[in-house]
Number of protein chains: 2
Amino acid sequence: MTTEIPSDVMTIREMCEAYDVTPRTLRFYEAKELLTPIRVGTKRLFTRRDRARLALILRGKRFGFSLEDIRQTLDLYDRDDGLTAQRKKACELAVKRLAEMEAQRAELDVAIAELKAELADAEAKGLVPKHAA
Amino acid sequence: MTTEIPSDVMTIREMCEAYDVTPRTLRFYEAKELLTPIRVGTKRLFTRRDRARLALILRGKRFGFSLEDIRQTLDLYDRDDGLTAQRKKACELAVKRLAEMEAQRAELDVAIAELKAELADAEAKGLVPKHAA
DNA sequence: CGTCACAGTGACGTTAACGTCAACTGCTCT
DNA sequence: AGAGCAGTTGACGTTAACGTCACTGTGACG
């Protein structure tokens, strides 16, 4: 046996194409302990778990979270085992983040409204040659 | 005459306290041409215009825009004179930014919903000791 | 007149999230 | 054996937005 290598693993190239990231990025994430691909000799093999985590990482990034934030939150999806203490902490973190997000959205709403008003005003003043229908 | 210095100017210290920023920040913004305080000898005097711009800068930053983005948009509020071409460009920029903001808000809405669901799930499973009322 | 506190000017340091080499190491194919 | 290529490991470069010195300059005060 080759030390129990799951059958559905992917090489770094396959990962890059599948998720549209660079090899550098994947290695970087590994260094940051966001991913833990199997090391066969010197090469990396990404498991289903790694792919799930990567998907979550990318989603987190789209929302503007730092990799460090993401790393901590990842455990929320991960460990289905005991360690309720850890889990509780993860949830608290998520709740905090949730509040931050809602605050951010509220601010965005205000900004959007302001900008829209500003544009409408400029148009009304005829300062702008009607930009759209 | 001391070369026409407006009466309602503020020193760097006053600005720092009024807007809760550091001197370094104000000097940095000046270097980036976001602010243009009057230079009396070597000292800086911030005018009403500078204060208005700073307020807009800080608001922009809260929304996650880069200083470069902000610098360009600032002209939208500023020049009430001619130069319609420039003005048009500024408006287009604002419209683009508006779209980005709405997209971002949409993503945030999704993320918020997902997180909420996730938390509710965790609670339902009894994995977490009821974090709030 | 000394010195203090504040202002100002470089200029280098910092964090995040990678990009970009350079220089290997192994395979694999011929 | 040689070529070629994917993959790896450092290690330095990059952008943004300041922080943090170190040092100079200056007006006010006792």
Side-chain angles (χ1 to χ4, degrees), chain A residues 2-3 5 9-47 50-51 53-74 93 97 100 104, chain B residues 2 5 9-47 50-51 53-74 93 97 100 104 107:
Chain A
T2 35
T3 325
I5 294 182
V9 293
M10 287 172 68
T11 72
I12 201 169
R13 269 303 147 204
E14 293 168 340
M15 288 292 280
C16 291
E17 284 168 27
Y19 295 90
D20 193 36
V21 294
T22 70
R24 179 70 179 93
T25 298
L26 293 177
R27 289 193 273 265
F28 181 73
Y29 288 170
E30 180 182 358
K32 289 271 173 173
E33 294 182 86
L34 286 163
L35 300 180
T36 52
I38 304 172
R39 303 304 298 264
V40 176
T42 173
K43 315 258 164 122
R44 292 168 173 82
L45 290 180
F46 296 84
T47 68
D50 290 315
R51 295 198 288 281
R53 290 175 73 94
L54 180 53
L56 290 170
I57 291 168
L58 297 178
R59 196 186 67 178
K61 275 180 53 83
R62 282 202 311 277
F63 300 143
F65 299 125
S66 73
L67 291 184
E68 179 52 25
D69 281 347
I70 294 171
R71 195 181 60 71
Q72 289 179 39
T73 309
L74 269 181
L93 224 164
R97 198 125 47 230
E100 285 172 15
Q104 190 182 342
Chain B
T2 34
I5 295 181
V9 293
M10 286 172 70
T11 73
I12 201 169
R13 267 305 145 203
E14 294 169 340
M15 287 292 280
C16 290
E17 283 168 27
Y19 295 90
D20 192 36
V21 293
T22 71
R24 179 71 180 93
T25 299
L26 293 177
R27 290 194 271 267
F28 180 73
Y29 288 170
E30 180 182 357
K32 289 272 174 173
E33 294 182 86
L34 286 162
L35 300 178
T36 52
I38 303 172
R39 302 305 297 263
V40 176
T42 173
K43 315 256 164 124
R44 294 166 172 82
L45 289 180
F46 297 84
T47 68
D50 290 315
R51 295 198 287 280
R53 290 175 73 94
L54 179 55
L56 290 170
I57 292 168
L58 297 178
R59 196 186 67 179
K61 276 179 52 82
R62 282 204 308 278
F63 301 144
F65 299 126
S66 73
L67 290 185
E68 179 52 25
D69 282 348
I70 294 171
R71 195 182 60 73
Q72 290 178 39
T73 310
L74 269 181
L93 224 164
R97 196 126 47 229
E100 285 173 15
Q104 190 183 340
E107 289 203 51

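This one's a predicted model, so the numbers in the text were calculated from it and none came from an experiment.
Considering only heavy atoms from C-beta on, B:E68 comes within 4.5 Å of B:Q72 through its side chain. Side-chain contact between B:Y19 and B:L26 is absent, with no heavy-atom pair separated by less than 4.5 Å. Counting heavy atoms from C-beta on, the side chains of A:F46 and A:V9 never come closer than 4.5 Å.
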Distances under 3.5 Å between protein N/O atoms and the N/O atoms of nucleotides 13-21 of chain D, please, pair by pair.
from: D:dA17; atom 1: OP1; to: B:L67; atom 2: N; distance (Å): 3.1
from: D:dC18; atom 1: OP2; to: B:Y29; atom 2: OH; distance (Å): 2.6
from: D:dC18; atom 1: OP2; to: B:K61; atom 2: NZ; distance (Å): 3.0
from: D:dG19; atom 1: OP2; to: B:T22; atom 2: OG1; distance (Å): 2.8
from: D:dG19; atom 1: N7; to: B:R24; atom 2: NE; distance (Å): 3.2
from: D:dG19; atom 1: O6; to: B:R24; atom 2: NH2; distance (Å): 3.2
from: D:dT20; atom 1: O4; to: B:R24; atom 2: NE; distance (Å): 3.2

Please list, for nucleotides 5-7 of chain C, all pairs of protein and nucleotide N/O atoms separated by less than 3.5 Å.
from: C:dA7; atom 1: OP2; to: B:R13; atom 2: NE; distance (Å): 2.7

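Scanning for side chain to side chain contact (heavy atoms under 4.5 Å, CB included) contacts around B:E14 gives B:M10, B:T11, with sequence neighbours left out.
Annotation for B:I57 and B:L67: closest pair CG2-CD2, 4.1 Å, computed over non-hydrogen atoms.
For the P atoms, the distance from C:dG13 to D:dC12 is 14 Å, rounded to whole Å.
Remark: B:T25 OG1 to B:K61 NZ distance equals 8.0 Å, nearest 0.5 Å.
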Exercise for review: Please test B:V21 against B:L58 for side-chain contact (heavy atoms from CB on, under 4.5 Å), starting from the C-alpha separation and ending with a verdict.
Suggested key: CA-CA 10 Å; B:V21 293; B:L58 297 178; 4.2 Å; yes
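A salt bridge between B:E33 and B:R71 is absent, with no side-chain N of the basic residue lying under 4.0 Å from a carboxylate O of the acidic one.
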